[in-house]
S.K.: 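Have a look at the structure that comes next, please.
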Amino acid sequence: QVQLVESGGGLVQAGGSLRLSCAASGRTISSYAMGWFRQAPGKEREFVICISGSGSSTYLADSVKGRFTISRDIAKNTVYLQMNSLKPEDTAVYYCAADRDSGWFPSRRESEYDYWGQGTQVTVSS
């Protein structure tokens, strides 16, 4: 099992950038597919971006294409979400998740993720 703690959320102006961190403990993140999901007020939680345990495969939602990237620091056992060109519609609570049973390709489905962080709030003002 692995424990996940997100950080780095806050208030940012439209067009600005923010980097979220997901610090893992207990097991190395290289054993898991890692994903980011978000939930806006009054909406269902949605997939944002994910990366395979090997780090070789990624998927991302169309809504964040060209703006968001995911990366890892194995030595720090941390996954990052770099968010650029932020829009007000990016406002949400962002969650980090880990999938222990992933294969070569990470999953876009939240039901397949086994471990979740507590979430961090991102607010983008216009």
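Residue numbers run from 1 in the order of the sequence given.
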S.K.: Are R100 and Y32 in a cation-pi setup, meaning NZ or CZ lies under 6.0 angstrom from the ring centre and within 45 degrees of the ring axis?
M.R.: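 Output no; distance or angle outside limits.
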S.K.: Could you tell me whether the side chain of C22 reaches within less than 4.5 Å of the side chain of Y80, counting heavy atoms only?
M.R.: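 They are not in contact (no side-chain heavy atoms under 4.5 Å apart), so the answer is no.
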S.K.: With side chains defined as the heavy atoms from C-beta onward, is the minimum distance between K87 and V124 less than 4.5 Å?
M.R.: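 A side-chain contact is absent here, since even the closest heavy-atom pair is not under 4.5 Å.
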S.K.: Taking only residues at least two apart or on different chains, which pairs with a member in residues 24-41 satisfy salt bridge (charged side-chain N to carboxylate O under 4.0 Å, His left out)?
M.R.: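 Checked against salt bridge (charged side-chain N to carboxylate O under 4.0 Å, His left out) - neighbours excluded - the pairs reaching residues 24-41 are R38-E46, R38-D90.
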S.K.: Examine distances only and state if a side-chain atom of T78 and a backbone atom of K76 form a donor-acceptor pair shorter than 3.5 Å.
M.R.: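 Yes; at least one donor-acceptor contact below 3.5 Å.
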S.K.: S125 and L11: which non-hydrogen atoms are nearest, and at how many Å?
M.R.: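 Shortest heavy-atom contact: CB-CD1, 4.3 Å.
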S.K.: Could you check whether any side-chain heavy atom of S57 comes within less than 4.5 Å of a side-chain heavy atom of P106, counting everything from C-beta outward?
M.R.: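 In short, these two side chains touch, coming nearer than 4.5 Å.
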S.K.: Would the number of heavy atoms belonging to other residues, nucleotides or ligands and lying under 6.0 Å from CD of Q1 be above 12?
M.R.: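 Incorrect, the count does not exceed 12.
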S.K.: When you measure from the side chain of T123 to the backbone of T91, do you find a donor-acceptor pair of N or O atoms at a distance under 3.5 Å?
M.R.: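 No; zero donor-acceptor contacts below 3.5 Å.
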S.K.: I'd like to know whether the aromatic ring centres of W36 and F68 sit less than 6.0 Å apart in this structure.
M.R.: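 When the ring centroids of W36 and F68 are compared, they turn out to be at least 6.0 Å apart.
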S.K.: Heavy-atom distance under 4.5 Å between the side chains of L60 and V48, does that happen here?
M.R.: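 Not touching, per the 4.5 Å side-chain cut-off.
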S.K.: Do you know the tightest heavy-atom contact between W116 and E110?
M.R.: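 Scanning both residues completely, I find the closest heavy atoms to be CZ2-O, 3.5 Å.
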S.K.: I need the I29 CD1 to C96 SG distance, nearest 0.5 Å.
M.R.: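 Here the rounded value is 8.5 Å.
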S.K.: How far apart are the closest heavy atoms of E112 and S107, and which atoms are they?
M.R.: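 Heavy-atom minimum between the residues: OE1-OG, 2.9 Å.
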S.K.: Does the side chain of Q39 come within less than 4.5 Å of Y95's, by heavy atoms?
M.R.: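 A side-chain contact under 4.5 Å exists here.
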S.K.: For E6 and T120, test the side chains for any donor-to-acceptor distance below 3.5 angstrom and give the result as yes or no.
M.R.: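 No, no side-chain donor-acceptor pair sits under 3.5 Å.
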S.K.: For M34, which of D99, L4, L81, I49 qualifies under side chain to side chain contact (heavy atoms under 4.5 Å, CB included)?
M.R.: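 Only one of D99, L4, L81, I49 forms a side chain to side chain contact (heavy atoms under 4.5 Å, CB included) with M34, namely L4.
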S.K.: What heavy-atom pair brings S17 and V12 nearest, and what distance separates the two atoms?
M.R.: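 Closest approach of S17 to V12, heavy atoms only: O-CG2, 3.9 Å.
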S.K.: Please report the interatomic distance OH(Y59) to CZ(F47), rounded to the nearest 0.5 Å.
M.R.: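 Output value for this atom pair is 9.5 Å.
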S.K.: Going by heavy atoms in the side chains, are N84 and Q82 under 4.5 Å from each other?
M.R.: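 Sidechains of Q82 and N84: in contact.
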